[in-house]
Amino acid sequence: MQPTRVIFFGTGNFAVSSLRYMAKDTRYDVMLVVTQPDRPQGRKQEYIPSPVKQAALRLGLEVWQPESIKEAIALARIRSYQPDVMVLASYGKILSQEILDIAPHGILNLHGSLLPQLRGASPIQTAIAQGYQETGVTLMVMDNKMDHGPLLAQQALTLTGKETTPELETLLADIGAELLRKHLQNYLDGTLAAQEQRHHAATFCQRIKKEDGIIDWEKSAVDLERHLRAYTPWPGSYTYWKGKKLTLHKALVSHEQSPLSPGTVYAMPSPSSRGSLAKIAISCGKGSLVVEEVQLEGKKLLPIEAFMRGCPKFVGGILLRAPQ
RNA sequence: CGCGGGGUAGAGCAGUCUGGCAGCUCGUCUGGCUCAUAACCAGAAGGUCGAGGGUUCAAAUCCCUCCCCCGCAA
């Protein structure tokens, strides 16, 4: 039997496991990998290929990076491969109806949430930021509304409350590949039918902006600790101290309520006796954040002990939302 | 030539403006104290001050060139 002709769309890390799986399974022939163009990154403005492009090249697959896939010439190129089905994960561009119609079996999407929860651009970060106890991956048939098409399969994952975005993304990426392995063939055979989403239950999440990383000290310590895990590595969770940007990388929640105004740094006496060093905490709207790793603008990421050696005046400092 | 911060003992930093003994906190090692300790006391080791060149009686410090790290930006 001829392998199924597949075109894969993807850009971010979330898509890499799926691509590797599709390339390896001999039932499928990944004829083309469509990914976003290389973007200038880093201090030298070097053009960095997307994670999917790097993986595709290593797998020896053909890569295409169109700036726009709406134009007729782009559509013609995709049609020329005569794909049976297309698979998309973390691609980052909206597809037109013309593209959705190209393959006989349409285009399937892997989405990093349990749809209809968290439709949109940041399901992984939002699940962490909002303290979800469970999230997962959905395999669905795309239609012309965002994350709206009928469902094929889902797999849930229980959250520990410790995971960061890159960690969770890796876990979900593997689940995505697993969903393809279990269900893609059944869908193509017609033995797995797609089921309409419960649209009234849909929730949504926005694309993350740089300003979303700013820490609002009026919020609770519980919310801010989730913020730290959700918004790493980008845009980071940051605040301003003496006009300089200070990024918090790691912190723990303390339910001790400080009388100091939110955003004030203080030394929290350690419960264990004389010898131990005081912990460094920041007063929040509710509770306190015990700081573990920080990075001051222009400096390296440091454990709090090392940071305090160089910046003992940090205690008593006021952290603000803007440089001032 | 995108903008800015930085490189000084194992770690984090001060000292640079205004040239004149290589410093601070912590760690490490030795000894002491102690029922005991991450505490306390006494002592010690540990430096190509990122690299090269220049100016000077004298350079971490001033001038030139280069390398590397970080933030912004993307």
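Side-chain atoms are counted along with the backbone in the values below, which use heavy atoms only and exclude waters and symmetry mates. In the text below, chain A, chain B and the rest are named by the order of the sequence lines, each starting its count at 1.
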Could you list the donor-acceptor pairs under 3.5 angstrom formed by side chains in residues 98-106 of chain A, with sequence neighbours left out?
from, atom 1, to, atom 2, distance (Å)
A:Glu98, OE1, A:Ser96, OG, 3.3
A:Asp101, OD1, A:Gln97, NE2, 3.0
A:His105, ND1, A:Asp84, O, 3.4

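- With both ends at atom P, the span from B:U56 to B:U61 equals 16 Å, rounded to whole Å.
- Partner assigned to B:G46 is none, using Watson-Crick or G-U wobble distances below 3.5 angstrom.
- The gap from the C1' atom of B:U8 to that of B:G46 amounts to 14 Å, rounded to the nearest Å.
- Taking the C1' atom of each, B:A74 and B:A22 are spaced 42 Å apart, rounded to whole Å.
- Using C1' as the reference atom, B:C64 and B:A59 are 15 Å apart when rounded to the nearest Å.
- Using Watson-Crick or G-U wobble geometry with both donor-acceptor distances under 3.5 Å, B:G2 finds its partner in B:C72.
- Spacing between atom CD1 of A:Ile280 and atom C1' of B:U25 amounts to 14 Å, rounded to whole angstrom units.
- Residues A:Met22 and A:Ile78 fall into different hydrophobic clusters, defined by Ile, Leu, Val, Met, Phe, Trp and Tyr side chains chained together at heavy-atom separations under 4.5 Å.
- In this structure, A:Tyr238 and A:Tyr240 have perpendicular ring planes: the angle between them is above 60°, well past the 30° mark.
- Side chain to side chain, A:Ser113 and A:Tyr132 fail the donor-acceptor criterion of an N or O pair below 3.5 Å.
- Between A:Gln295 and the phosphate of B:G71, there is a side-chain N or O to OP1/OP2 separation shorter than 4.0 Å.
- Rounded to a whole Å, the NZ atom of A:Lys244 is 14 Å from the P atom of B:G71.
- The two residues A:Thr165 and A:Ala230 have their closest heavy-atom pair at OG1-O, 2.5 Å.
- Going from the P atom of B:C24 to that of B:C41 covers 16 Å, rounded to whole Å.
- In the hydrophobic clustering of this structure, A:Val290 groups with A:Leu260; members are Ile, Leu, Val, Met, Phe, Trp, Tyr whose side-chain heavy atoms approach within less than 4.5 Å, directly or through other members.
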Show me, pair by pair, the donor-acceptor contacts under 3.5 angstrom made by side chains of residues 148-155 of chain A, not counting sequence neighbours?
from, atom 1, to, atom 2, distance (Å)
A:His148, ND1, A:Asp143, OD2, 2.6
A:Gln154, NE2, A:Leu115, O, 2.6
A:Gln154, NE2, A:Thr138, OG1, 2.9

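- Across all strands shown, B:C62 forms a Watson-Crick or G-U wobble pair, both distances under 3.5 Å, with B:G54.
- Atom P of nucleotide B:A74 and atom CD of A:Gln36 are separated by 16 Å, given to the nearest angstrom.
- Across B:U55 and B:G47, the matching C1' atoms stand 25 Å from one another, rounded to whole Å.
- Rounded to whole Å, the C1' atom of B:G19 lies 13 Å from the corresponding atom of B:G15.
- A:Tyr21 and A:Glu178 form no side-chain donor-acceptor contact under 3.5 Å, judged by distance and modelled atom types alone.
- A straight line from NZ of A:Lys245 to P of B:G4 spans 18 Å, rounded to a whole angstrom.
- Only the C1' atoms considered, B:A58 is 7 Å distant from B:G20, to the nearest whole Å.
- Here B:C70 presents its P atom at 15 Å from CG of A:Leu296, a figure rounded to the nearest Å.
- Checked against B:G71, B:C72, B:A74, the side chain of A:Glu297 finds its nearest nucleotide in B:G71.
- The base-pairing partner of B:G23, taking Watson-Crick or G-U wobble contacts with both distances under 3.5 Å, is B:C13.
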What string of B, S and - do you get for nucleotides 9-16 of chain B 5' to 3' if you count protein non-hydrogen atoms under 4.0 Å?
--BBS---
